[in-house]
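Below is one structure, written out as structure tokens, with a few remarks after it.
As the structure is a prediction and not an experimental result, all values here were calculated from the model.
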Amino acid sequence: MDLAKEFLSLKRKLFDKLYDDLNSKQREAVYSVNGPLLILAGAGSGKTTVLVRRIAHIIRYGDAYNSSYVPDWINEAVLEEMKKAADYSKDDLAAYLIRFAVDRAPAWSVLGITFTNKAAGEIKARISEIFGEVSEEVSEITTGTFHSVCCRFLRMYGDKIGYDKNFSICDTSDSKSLITDCMNRLNIDEKNLSVKSVQSIISRAKDKLQTPDDLLSEAGQDIKIKKVAEVYSLYQSRLEAQNLLDFDDIIMQTVRLLTEHEEVREKLQSKYRYISVDEYQDTNYAQLKLTLLLSGKYRNIMVVGDDDQSIYKFRGAVIENILNFDKNYSDTKIIRLEENYRSTQTILNAANGVISNNKGRLGKTLWTQSEKGELISIKKLPDQVAEGKYICRVISDTSVKEDLSFRNFAVLYRMNAQSRAIEQALAKSAIPYRVLGGLRFFDRMEVKDIVSYLNIINNPVDDVRLKRIVNTPRRGIGAKSFDVASTLAAAEGYSVLELMRNAKKYPAISAVAAKAMQDFCYLIDSLKEYSYSHTTAETIAKVIDATGYGEMVADIPERTEREERSSNLEELINTAGQYDEDAEDPTLSEFLEEVALVSDVDKYDESADAVVLMTIHSAKGLEFPVVFLPGMEEGVFPGYQTIMNPEEIEEERRLAYVAITRAKKRVYITHVGSRMMNGKTQMNPISRFAEEIPAELTERTEDEQYGAFTRNRAAFVSTGRSIVNPSSSYTRSSVYSPFSSHTKSAKTTPQASEKLDIGDNVIHSMFGKGVVLSAKEMGGDILYEVVFEEHGLKKLMGTYAKLKKVN
DNA sequence: AGCTAAAATGTTTTT
DNA sequence: CATTTTAGCT
């Protein structure tokens with residue numbers, strides 16, 4: 001009796017001891033294993049840690065902490081031993097406590113949904129770390145984004161709702177071209193109804209799980225929506241006929257699968273006993289429905305989120321999902337994590353100052369034990385060029401003065417277009433940098449083309465991809481012939497490729513074109529055959545060769561373009577080779593899925609020593625010691641489209657909150673007097689979000705280049721900080737750059753293909769001076785990424801590029 | 001069919 | 001302004 005009581009108390013103390021690096025709220029979250037759990041986690045409050053530790057806890061100890069079960073082998077001796085265990089090392093204690101485990105969950109019963117694929121990988125890596133080895137078990141945990149997890153389900157059971165296992169995913173631009181096609185077929189004039197808006201209305205409808213009929217009935221008298229519903233209906237039937245899913249379908253069709261097929265739902269509900277969802281504030285209705293379905297049996301669902309960081313409304317995210325979580329799940333336990341471990345007090349107070357202007361928040365007060373830190377620097381510059389130079393100068397100054405490597409700096413902006421001016425400045429001052437976003441690797445034309453071939457090999461009814469590459473390189477199947485073929489195909493109920501195989505039967509197709517079509521089919525046949533017995537990388541190489549695409553690229557007259565494209569194709573083969581190596585059971589189909597679902601941040605490599613540039617959206621979940629926020633102007637951030645709409649302004653403000661809270665030590669806000677946008681010069685006032693930061697937390701200066709003045713809004717700024725020092729080193733930002741010490745002594749070491757290391761300074765005959773950013777082994781050669789002073793980031797092959805090392 | 005040159009057009013954020 | 005679409009020519 002007393003024995004039992006003492007045992008339970010000792011047991012809990014030992015667990016508290018095991019997790020003594022967490023705060024009490026975090027521990028409570030880890031222990032809350034069963035039942036619905038909502039964690040309201042402020043920025044930098046260690047939510048990922050909690051997520052990871054909780055999953056590890058569930059697998060290792062189950063509900064051991066809360067359970068009042070007393071094993072019959074408990075006696076005085078055991079209690080004595082337990083008292084001693086308090087002094088064990090963490091590892092020993094962790095191992096010791098396993099004997100008290102109650103109702104442990106097998107790793108395969110855990111599902112963790114994250115916002116990026118990268119985060120999914122990190123969760124597994126961190127759990128492996130906790131378990132002390134890369135165990136077989138950890139790999140059985142299912143982690144991924146909503147999209148990747150749903151794809152997995154659809155590959156398994158998609159046939160039940162009419163999808164072949166080899167379905168392909170079409171991205172936004174593929175789906176745009178299909179919608180355009182549908183609108184043409186329905187004789188809808190693009191002038192009255194833009195493809196873009198149709199696409200977005202359809203997408204939002206799918207986020208809400210609306211079918212074309214649902215949309216139509218919702219339309220009422222709205223002619224525009226009625227038209228869209230008509231397009232949606234055709235678009236959807238064509239997607240289905242081609243075994244294609246767009247991004248929204250991946251979720252929506254999974255929900256349909258789980259709704260319509262009880263046996264599948266039952267199977268998955270029973271399998272996933274423990275479900276966690278990260279970044280819950282950015283889920284849409286379809287995703288909410290999905291989590292409700294999956295967690296329907298056990299109701300062991302934990303969601304983590306922060307209503308102040310909801311920034312994906314444009315993608316259908318509904319903040320109500322997190323606000324009303326406890327209404328969807330009765331007896332929800334709510335835990336708030338409000339202690340911030342990331343930022344200085346100044347940064348935190350600045351962020352709080354901004355976000356407090358929003359209404360309708362759940363409300364929370366972030367606090368930190370860390371020091372005050374430095375003031376937020378707000379600087380006005382004449383234009384974007386000066387803005388870029390200024391950022392470079394601060395980076396080079398700070399990196400030297402404080403011995404900070406470049407990876408500690410991030411430049412976060414509202415839109416991708418802002419990156420250009422900053423990139424140029426960085427390239428000039430030879431600061432190594434990396435740009436995430438903008439044109440994704442897989443969105444490059446040549447990469448998309450080859451991937452389209454692969455998609456056709458994998459899923460021959462994919463007419464969208466077929467249209468894209470049927471005449472690239474030219475093979476005499478022009479737009480007109482293809483049009484005729486697809487009209488015939490639609491009439492006869494074939495896929496276009498099938499029809500092309502028998503093109504000669506149709507008099508409407510010219511004999512020349514028919515011959516070319518048949519040859520094309522044979523080409524695809526042979527590639528398909530080849531793919532059965534070869535790796536993905538080999539297949540890609542074969543595609544590039546056999547289709548004549550490689551030759552076409554080799555014949556590009558302009559040198560830079562030719563090199564750029566061929567190096568992209570090499571990189572594609574390289575990526576596939578990596579995939580072949582890493583994947584358990586590599587298949588073309590799975591490779592294509594990965595290609596479709598990777599995001600930019602997934603490829604962000606923290607180990608590369610380079611300044612990183614990305615949008616604030618991409619930076620969600622990341623942190624950096626020093627953060628630059630350029631373009632803090634009305635009309636840029638908040639964007640001019642949002643200024644009239646209070647709701648959208650609130651979303652922009654949340655974005656500003658996310659931006660500021662990325663920083664650990666310092667924030668540099670810049671705004672410019674005149675900015676070139678869309679060919680026009682604009683004079684934007686400083687962003688309201690910068691003004692909302694309490695004045696005493698800021699240090700405001702204006703660059704003196706065009707005369708002007710310096711003013712301190714903060715009356716009592718302690719002086720002495722010299723990072724912002726307008727006149728001295730302004731013109732030459734490369735003073736502290738990696739090149740500076742080499743520019744005078746230009747003694748080069750002429751060696752054809754010596755091995756280069758990361759950080760080496762090199763000279764290229766074409767591009768001039770640069771720094772090696774990364775080196776990757778690739779088919780007996782080495783692929784270097786080099787940032788050049790004048791030309792920015794280039795990818796070069798070791799043997800081919802004739803890079804000379806400079807000392 | 002395919003090329004070139006002129007015209008139109010669009011501009012947030014992303015899986 | 002920078003990309004994409006179209007018209008007109010070969």
Which of parallel (below 30°), tilted (30 to 60°) and perpendicular (above 60°) describes A:Y312 and A:F115?
tilted
Does [X] reach a base, just sugar-phosphate, or nothing at all? Heavy atoms under 4.0 Å.
| X | value |
| --- | --- |
| A:N471 | sugar-phosphate |
| A:S481 | sugar-phosphate |
| A:L245 | nothing |

Please map the stems of DNA chain B, keeping only stretches of three or more Watson-Crick or G-U wobble pairs with both distances under 3.5 angstrom.
B:1-10 with C:1-10
Can you identify which nucleotide, out of B:dT15, B:dT11, B:dA1, has its nearest atom closest to the A:Q641 side chain?
B:dT11
Which nucleotide sits closest to the side chain of A:K480: B:dA1, B:dT12, B:dT15?
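Per side-chain heavy atoms of A:K480, the pick is B:dA1.
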Check whether any side-chain nitrogen or oxygen of [X] sits under 4.0 Å from OP1 or OP2 of [N], and answer yes or no.
| X | N | result |
| --- | --- | --- |
| A:T172 | B:dT14 | no |
| A:T145 | B:dT15 | no |
| A:S148 | B:dT15 | no |
| A:N416 | B:dT14 | yes |

Over all atoms of both residues, closest heavy-atom pair of A:T211 and A:Y232
C-CE2, 3.5 Å
Round to the nearest Å and state the distance from A:Q682 atom CD to B:dT11 atom C1'.
11 Å
